[in-house]
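Report on one structure; see the data block that follows.
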Amino acid sequence: MDISHLVDGLNEQQREIVCAEPSNCLVLAGAGSGKTRVLVHRIAWLIEVLEVSPHSVLAITFTNKAAGEMKARIADLVKKGGGGIWCGTFHAICLRILKQHHTEANLTPNFTIIDTGDQKRFIKRVIEQLNLDKKKFTPDGVIGFINKNKEQGLRAATVKGSHDYMHNQLLKIYERYEILAAQENLVDFGELLLRTHELLSRNEAIGKHYSSKFKHILVDEFQDTNGLQCALIHSLQGKDNNNYVMAVGDEDQSIYGWRGADIGNVLNFDKLFNDTKTFRLEKNYRSTENILKAANAVISNNSDRFGKELWSDIKDNALIEFYRAPTDRQEASFLTDALADHYKQGGKLNDCAIFYRTNAQSRIIEETLIHHGIPYRVYGGLRFYDRAEIKNVIAYMRLIVNRSNTEAMLRIINLPTRGLGSTTISKINDLAQKHNISLWDTAKAITQGAPAIITDLNKSKIAVVQKFLDLIDKIDDSIRGMGLQEQTSTIIKLSGLEQLYNKNKDADYESARDNLQEFVNAANIAFNSDESSDMEIFLDNIALESGSTQAQEYEDSVQLMTIHASKGLEFLKVFMTGMEEGLFPLEKSAYDDKLLQEERRLCYVGMTRACRHLCITCCEARLLYGRENYNPISRFIEEVPKELIRNLNDKKRTTLLNNSMIKLKVGTRVNHPTFGYGEVTNTEDNGHISRVQIDFEHEGSKWLVTEYAQLQIL
DNA sequence: AACAGGGTTATTTTT
DNA sequence: TAACCCTGTT
């Protein structure tokens with residue numbers, strides 16, 4: 001048999017993995033070492049050489065995008081195609097299992113998946129219902145508690161009580177949350193995993209079914225798995241020792257610890273799985289030697305790692321560039337200048353990326369780029385399906401599919417406004433809570449004058465409620481038999497949303513209309529893909545897909561993103577900005593070794609995105625939360641060997657002298673927007689930054705950075 | 001229902 | 001600083 005297409009072009013380390021005897025194994029794949037390639041070739045090897053049935057292969061990724069890419073590459077490489085392989089995210093795979101066995105999983109077939117935003121609103125409602133202090137119990141705090149427990153496999157009934165008031169109250173919220181979620185047929189992300197895990201580990205027949213089905217489980221980005229996901233893999237693998245897990249990951253790129261990812265799953269892999277073999281991929285195909293040397297040097301300061309040294313045969317004398325600007329504004333100007341130079345020399349802006357630690361940092365960079373007419377795209381931000389107008393349509397759809405979805409009903413019961421104000425709604429909602437039934441059933445009971453439901457709503461209000469119920473039923477009736485895109489546009493019409501967004505002319509409504517059209521298009525695409533032609537499936541897919549978070553690509557433009565968002569990407573030229581103590585690493589993480597190590601890994605991820613040029617910038621004075629901050633240079637920069645750095649400050653210094661000093665001399669009378677009138681008593685300029693001391697009439701004496709102070713000279 | 005004003009709070013966000 | 005949420009007012 002000709003196997004050359006499976007191994008040609010692979011290096012020795014890669015080939016060893018692709019052709020390995022089946023066993024549990026951990027592949028430590030450094031950045032840019034071709035791990036997706038190895039995974040795809042391994043799957044092809046299993047099918048073509050070891051004659052494993054595609055139906056016995058399960059490939060798990062973390063993003064839908066990665067799953068899509070993998071499917072496409074498998075289809076390309078495997079001669080008989082990849083049909084039958086299960087390939088998807090943890091959540092998508094769990095959903096598939098739960099849909100299949102919804103009865104055994106104790107779910108209705110039409111359960112609704114809620115994303116983090118929905119979950120948050122839902123929790124808010126629970127906190128209100130329980131009449132708890134909103135200052136003490138924030139949705140974020142509660143969400144953390146519930147998700148963390150689910151990640152440890154704990155239900156409200158199995159979490160241990162304690163003497164701690166907060167803990168016990170949180171537990172009460174969790175209890176109520178579970179009851180309401182069951183009542184309303186809502187399943188959150190963590191629940192998808194937990195319920196599947198429970199199903200597989202408690203229902204012997206089903207557990208056995210899957211563990212005898214999946215002989216080979218391949219997991220990508222293993223460093224990002226949490227405890228529950230790891231447990232899930234175990235339950236899929238089953239107890240017999242003839243199923244094999246291949247985990248691919250990089251402990252140095254674990255940057256989601258704060259979301260529950262447990263780097264310990266990689267570090268203790270050999271203890272968590274039997275008879276493991278470990279492989280390493282250390283040859284990097286992306287970056288120059290110098291960039292890798294710098295990145296290796298930084299990450300070598302971490303202790304939670306196996307240790308691995310990336311190398312490359314891409315020789316290039318270019319050093320890591322470093323520039324420390326006087327202020328954040330001048331840091332942005334520096335970036336702009338550098339990009340303009342790059343462009344003038346014939347380079348593409350698409351090849352350049354600007355990274356920052358926090359989203360807030362993008363603002364000043366964007367302003368400066370706009371000012372100089374340099375096009376850019378920002379990654380991240382509001383996801384398409386998170387837009388209010390889209391969520392509104394989705395809420396109608398969800399209620400139509402699942403009438404118990406109180407969450408959805410609350411969102412649209414008065415949208416567009418139909419005379420059901422907050423008073424009426426909370427009256428109905430209180431009754432729902434009192435009788436422990438869904439909002440829909442409560443409303444229905446009221447309109448039917450059910451004797452058990454006592455309400456003080458007057459006849460006209462009840463008629464309005466009736467009208468809403470009729471509307472939903474009517475929409476439901478009229479979309480029967482329609483194609484998905486027709487259903488969607490019909491819902492938008494009949495619900496009154498179309499009219500609502502049409503009646504107003506301002507820009508927000510205009511874009512809302514565009515987005516609704518886009519949503520109908522999405523439905524159309526889904527309809528034609530026949531995979532998700534059904535509205536229920538469409539809704540599931542929406543919940544599990546972020547819907548591209550990056551701006552549309554329409555012209556050559558610089559890419560702006562957080563370092564987190566840069567993971568998995570690569571760019572010819574990378575600018576890492578704001579490399580200051582307090583910002584990167586964040587102050588909160590600087591004094592905790594675990595957190596600091598994660599910051600360092602983040603730095604490593606950022607550096608290893610660069611193919612040919614890496615430029616690191618920071619500034620002396622930065623405006624943060626409306627305050628000036630003077631931060632030292634990031635320790636991560638200090639960790640890069642000096643001989644790998646070319647310091648641009650020596651070159652730029654003379655050109656950047658701040659000319660604002662010229663007019664401000666001792667004795668100048670000034671006016672400050674908040675401190676009022678004063679007189680300059682002292683000046684200082686170290687060549688980077690200029691400051692003035694001003695004696696204010698009412699506020700006393702203060703030192704201010706000239707550039708920020710917005711002083712008016714009198 | 002819409003809006004103004006005060007108080008609070010500030011990472012990162014694959015599903 | 002500025003964005004968000006809540007509250008009280010019109």
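Naming: A, B, ... by sequence-line order, numbering from 1 per chain.
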Query - Between P of B:dT15 and NE2 of A:H197, the distance in whole Å - result: 23 Å
Name each donor-acceptor pair under 3.5 Å that joins a side chain in residues 128-138 of chain A to protein atoms two or more places apart or in another chain, with its distance.
residue: A:Q129; atom: OE1; partner: A:R176; partner atom: NE; Å: 3.1
residue: A:Q129; atom: OE1; partner: A:R176; partner atom: NH2; Å: 3.2
residue: A:D133; atom: OD1; partner: A:K135; partner atom: N; Å: 2.8
residue: A:T138; atom: OG1; partner: A:G141; partner atom: N; Å: 3.1

Query - Electrostatic pair A:R398-A:E407, nearest N-O below 4.0 angstrom - result: no
Requested in this report: Using the C1' atom as the reference point in each nucleotide, state the distance between C:dC6 and B:dT11 in Å, no decimals.
Outcome: 25 Å
Report task. Quick one: label A:Y256 by what it contacts on the DNA or RNA (base, sugar-phosphate, nothing), any heavy atom closer than 4.0 Å. Result -> base
Query raised in the report: ring pair (Phe, Tyr, Trp, His ring centres under 6.0 Å) with A:Y256: which residues, sequence neighbours excluded?
Result: A:W258, A:H564
Query - Sub-4.0 Å heavy-atom contacts from residues 588-604 of chain A onto DNA chain B, ordered by number - result: none
Report task. Provide, to the nearest angstrom, the distance between the CD atom belonging to A:Q223 and the P atom belonging to B:dT12. Result -> 21 Å
At a cut-off of 3.5 Å, list every protein nitrogen or oxygen paired with a nitrogen or oxygen from nucleotides 4-10 of chain C, distance to 0.1 Å.
none

Query raised in the report: Rounded to the Å, how far apart are A:L539 CG and B:dT15 C1'?
Result: 17 Å
Report task. Would you indicate what A:R357 reaches in the nucleic acid, counting non-hydrogen atoms under 4.0 angstrom: base, sugar-phosphate, or nothing? Result -> base
**Report entry** Within 45° cone and under 6.0 Å: A:R622 NZ/CZ vs A:Y356 ring
**Finding:** no
Query raised in the report: When all nucleic acid strands are considered with a 4.0 Å heavy-atom cut-off, which category describes A:D115: base, sugar-phosphate, or nothing?
Result: nothing
Query raised in the report: Can you name the residues that form a ring pair (Phe, Tyr, Trp, His ring centres under 6.0 Å) with A:H197, not counting sequence neighbours?
Result: none
Query raised in the report: What is the distance from OH of A:Y625 to P of C:dA3, rounded to the nearest Å?
Result: 14 Å
Requested in this report: Using the test side-chain contact (heavy atoms from CB on, under 4.5 Å), find all partners of A:R37 that sit at least two apart in sequence or belong to another chain.
Outcome: A:L10, A:H41, A:R73
Requested in this report: Please check the phosphate of B:dT13 (OP1 and OP2 only) for any side-chain N or O of A:T562 closer than 4.0 Å.
Outcome: yes
Requested in this report: Please state how far atom CG in A:N359 lies from atom P in B:dT12, giving the value in whole angstrom units.
Outcome: 5 Å
Report task. Using the P atoms only, state how far B:dT13 lies from C:dC4, rounded to an integer number of Å. Result -> 16 Å
Query raised in the report: Looking at A:Y379, does any N or O in its side chain come under 4.0 Å of the phosphate oxygens OP1/OP2 on B:dT13?
Result: no
**Report entry** Set of ring pair (Phe, Tyr, Trp, His ring centres under 6.0 Å) partners for A:F696, sequence neighbours left out
**Finding:** A:H672, A:F675
Query raised in the report: Has the side chain of A:R601 got a donor or acceptor atom that lies under 3.5 Å from a matching backbone atom of A:S254?
Result: yes
Query raised in the report: Is any side-chain N or O of A:R259 under 3.5 Å from a base N or O of B:dT15, one able to act as donor and the other as acceptor?
Result: yes
Query raised in the report: Rounding to a whole Å, what distance do you find between A:H91:NE2 and B:dT14:C1'?
Result: 9 Å
**Report entry** Within 6.0 angstrom of A:K99 NZ, more than 12 heavy atoms from elsewhere
**Finding:** yes
Close N or O pairs between protein and nucleotides 1-3 of chain B (under 3.5 Å):
residue: B:dA1; atom: OP1; partner: A:N414; partner atom: ND2; Å: 3.1

Query raised in the report: Atom CZ of A:R627 and atom C1' of B:dT9: how far apart are they, to the nearest Å?
Result: 13 Å
**Report entry** Whether A:W258 stacks on the six-membered ring of B:dT12 base, 5.5 Å and 30° limits
**Finding:** yes
For residues 221-228 of chain A, which side-chain N or O atoms pair as donor and acceptor with protein atoms under 3.5 Å away, sequence neighbours left out?
residue: A:E221; atom: OE1; partner: A:Q223; partner atom: NE2; Å: 2.8
residue: A:E221; atom: OE2; partner: A:K35; partner atom: NZ; Å: 3.3
residue: A:Q223; atom: OE1; partner: A:D250; partner atom: N; Å: 3.0
residue: A:D224; atom: OD2; partner: A:K567; partner atom: NZ; Å: 2.6
residue: A:T225; atom: OG1; partner: A:F222; partner atom: O; Å: 2.7
residue: A:T225; atom: OG1; partner: A:N265; partner atom: ND2; Å: 3.1
residue: A:N226; atom: OD1; partner: A:L228; partner atom: N; Å: 3.0
residue: A:N226; atom: OD1; partner: A:Q229; partner atom: N; Å: 2.8

Query raised in the report: Which side chain to side chain donor-acceptor pair (under 3.5 Å) pairs, counting each pair once, include a residue from residues 414-423 of chain A, with sequence neighbours left out?
Result: A:Y396-A:R418
Show every donor-acceptor pair shorter than 3.5 Å between a side-chain atom in residues 581-590 of chain A and any protein atom, with sequence neighbours excluded, or say none if there are none.
residue: A:E581; atom: OE1; partner: A:R635; partner atom: NE; Å: 3.4
residue: A:E581; atom: OE1; partner: A:R635; partner atom: NH2; Å: 2.8
residue: A:E581; atom: OE2; partner: A:R635; partner atom: N; Å: 2.8
residue: A:E581; atom: OE2; partner: A:R635; partner atom: NE; Å: 3.0
residue: A:S589; atom: OG; partner: A:E599; partner atom: OE2; Å: 3.4

Requested in this report: Please state how far atom CZ in A:R96 lies from atom P in B:dT15, giving the value in whole angstrom units.
Outcome: 18 Å
Report task. Take A:K135 and A:F189, find for each the nucleotide of DNA chain B with the closest heavy atom, and name the residue whose nucleotide sits nearer the 5' end. Result -> A:K135
Query raised in the report: What pairs with A:F90 under ring pair (Phe, Tyr, Trp, His ring centres under 6.0 Å), at least two apart in sequence or on another chain?
Result: A:F62
